[in-house]
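Letters A, B, ... mirror the listed sequences (proteins, then strands); counts begin at 1.
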Amino acid sequence: SQQGEEDPQALSIQEGENATMNCSYKTSINNLQWYRQNSGRGLVHLILIRSNEREKHSGRLRVTLDTSKKSSSLLITASRAADTASYFCATDAEGGSQGNLIFGKGTKLSVKP
Amino acid sequence: DAMVIQNPRYQVTQFGKPVTLSCSQTLNHNVMYWYQQKSSQAPKLLFHYYDKDFNNEADTPDNFQSRRPNTSFCFLDIRSPGLGDAAMYLCATSRHRFPYEQYFGPGTRLTVT
C-alpha cells in the first residue's frame, strides 16, 4: 500500500526559481527520505530526516518535516536545468517490516533554461 | 568507484520465457533490494536480502524469485514473464536495513513481447 503522496504531480519552473514539493503520508514514521530520479535511471538519495527533526539542509536543498500534519516538503533553491528529474519521498512505517521503504508516486520537476 | 551495477540495461523477452536480471555491488553492503517500477509510478519493493536472509514482500507474485549467491551479487528471476511484468527493475543496496540510505543501480528495462 502507498505511504507517501507527493504534490504536485508535475512542476515546471524557470532556471533560478525555487521549487517546492510536498509529501504527505498516512501512518507514523521513524524517518523520511527524499530521492531524485533522472529519466530512465536509478534513484539517487538526497536527504534523510528523522522523525525527531524538523528541518534539514544539504546544499541547495531544504527539507522540513511536520509529524503532526504527517507531511514533509523539499525546497530546491536557485534551480538549475540539471535539477530536472522526478523527486520521490520514501518512508518506513512504525511497526512495519524492517527494510520496507515505501515510495510515493513522485513529483516530476522540469526546470527550463 | 564503489557502485551498484545492473546487467543488462535493456532486456527483451518473450511471453512465458524465463529471464534473469543481474545486480552486483562493490559497496560491500549487507542489504540488497529489488524494486519494480512501472511507467510514472512509484518503485515497489519486491524483496530484499539481509546477508543471506531472504525477505519477500507479501504481495510479490510467486513468478518472481531471487538468489544471492554471495555478498556482491543478487539475481532476479522471472519464471514466466507476462505482459504486465514489463517495467524497470531497480536493484539497490544499503549498509543495513532502513533507515540507512539506499544506493540504486541504473535499472534494467524489461520488455515482454
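The shortest distance between side-chain heavy atoms of B:Thr93 and B:Tyr49 does not fall below 4.5 Å.
Heavy atoms closer than 4.5 Å to chain B are found nowhere in A:Gln9, neither backbone nor side chain. Heavy atoms of B:Gln41 lying under 4.5 Å from chain A belong exclusively to its backbone. Proximity to chain A (any heavy atom under 4.5 Å) is shown, for B:Gln6, by neither the backbone nor the side chain.
For B:Phe64 and B:Phe47, the ring centers sit 6.0 Å or farther from each other.
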So B:Glu57 and B:Lys44, side chain to side chain contact (heavy atoms under 4.5 Å, CB included) or not? Walk me through it. CA-CA 10 Å; B:Glu57 292 304 303; B:Lys44 179 181 178 298; 5.5 Å; no
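In this structure, a donor-acceptor pair under 3.5 Å is present between the side chains of B:Tyr33 and B:Ser94.
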